[in-house]
Amino acid sequence: MHVVTVVFQVRSAHLQDFLREINQNAKSSLELESGCQYFDVCISPKDAGKVFLYELYDDRQAFDRHLESEHFQAFNRLTADWIETKEVQEFIRK
């Protein structure tokens with residue numbers, strides 16, 4: 001399994017919009033991408049603007065297809081100005 005974690009720091013003025021859009025992106029990923037097995041959206045109890053994603057894909061190619069998907073591209077364009085920082089890490093689940 002290919003594991004992806006993402007930590008966003010979202011501008012407070014856009015947090016509710018971001019959460020709506022990231023949850024829709026997660027739902028679309030799970031419904032439309034056969035290689036996406038898990039997509040969890042979490043927020044920090046101490047910093048509501050910190051959003052953590054935990055995603056599981058069959059392999060790196062499935063993640064690449066996610067990045068190329070229409071729904072991800074639309075999400076990425078829409079939310080780009082709402083995000084202060086974004087840190088993406090990738091792992092292999094053993």
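The shown structure was predicted, so the numbers you read here are calculated from the model rather than taken from an experiment.
- Looking at Gln73, its side chain does come within 3.5 Å of a backbone N or O of Leu67 through a donor-acceptor pair.
- Leu30 and Leu32 fall into different hydrophobic clusters, defined by Ile, Leu, Val, Met, Phe, Trp and Tyr side-chain heavy atoms under 4.5 Å apart, directly or through other members.
- Rounding to the nearest 0.5 Å places NE2 of His14 at 10.0 Å from CG of Leu78.
- For Asp47, the CG atom is densely surrounded, since the number of other residues' heavy atoms within 6.0 Å is greater than 12.
- For the pair Glu33 and Ala62, the tightest heavy-atom approach, listed with the atom from each and the gap, is OE1-O, 4.5 Å.
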Chi angles and distances behind the side-chain hydrogen bond (donor to acceptor under 3.5 Å, both in side chains) call for Ser28, Gln24: CA-CA 6 Å; Ser28 295; Gln24 181 57 54; 3.1 Å; yes
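- Between His66 and Tyr57, the angle of the ring planes lies from 30° to 60°, which puts this pair in the tilted group.
- Residues Lys50 and Val7 form a side-chain contact, since some pair of their non-hydrogen atoms from C-beta on lies under 4.5 Å apart.
- With values rounded to the nearest 0.5 angstrom, Gln61 atom CD is found 7.0 Å from Arg65 atom CZ.
- The shortest heavy-atom contact between Ser29 and Cys36 is O-CB, 3.6 Å.
- Taking the side chain as every heavy atom from C-beta outward, Arg60 and Glu90 approach each other to under 4.5 Å.
- No more than 12 heavy atoms of other residues, nucleotides or ligands sit less than 6.0 Å from atom CZ of Arg93.
- The distance from the CG atom of Asp40 to the CG atom of Leu56 is 9.5 Å, given to the nearest 0.5 Å.
- Residues Phe72 and Phe63 keep their aromatic ring centres 6.0 Å or farther apart.
- Around atom CZ of Phe52, more than 12 heavy atoms belonging to other residues, nucleotides or ligands sit under 6.0 Å away.
- Two residues are said to be in side-chain contact when any heavy atoms from C-beta on lie closer than 4.5 Å; Thr5 and Leu53 fail this criterion.
- Judged by distance alone, the side chains of Asn25 and His71 do bring a donor and an acceptor atom under 3.5 Å apart.
- When each of Phe18, Phe39, Trp82 is paired with Phe75, the ring pair (Phe, Tyr, Trp, His ring centres under 6.0 Å) condition holds for Phe18 and for no other.
- The closest side-chain heavy-atom distance from Val6 to Lys86 is below 4.5 Å.
- Val3 is not listed as a side-chain neighbour of Ile92, based on a closest heavy-atom distance of 4.5 Å or more.
- Atom-to-atom distance recorded for Asn76:CG and Thr79:OG1 is 5.5 Å, nearest 0.5 angstrom.
- Between Leu15 and Val51 the shortest side-chain heavy-atom distance falls below 4.5 Å.
- Listed for the Gln37 side chain is a donor-acceptor partner under 3.5 Å among the backbone atoms of Ser34.
- Note on Ile43: it clusters hydrophobically with Val88, by side-chain heavy-atom contacts below 4.5 Å among ILVMFWY residues.
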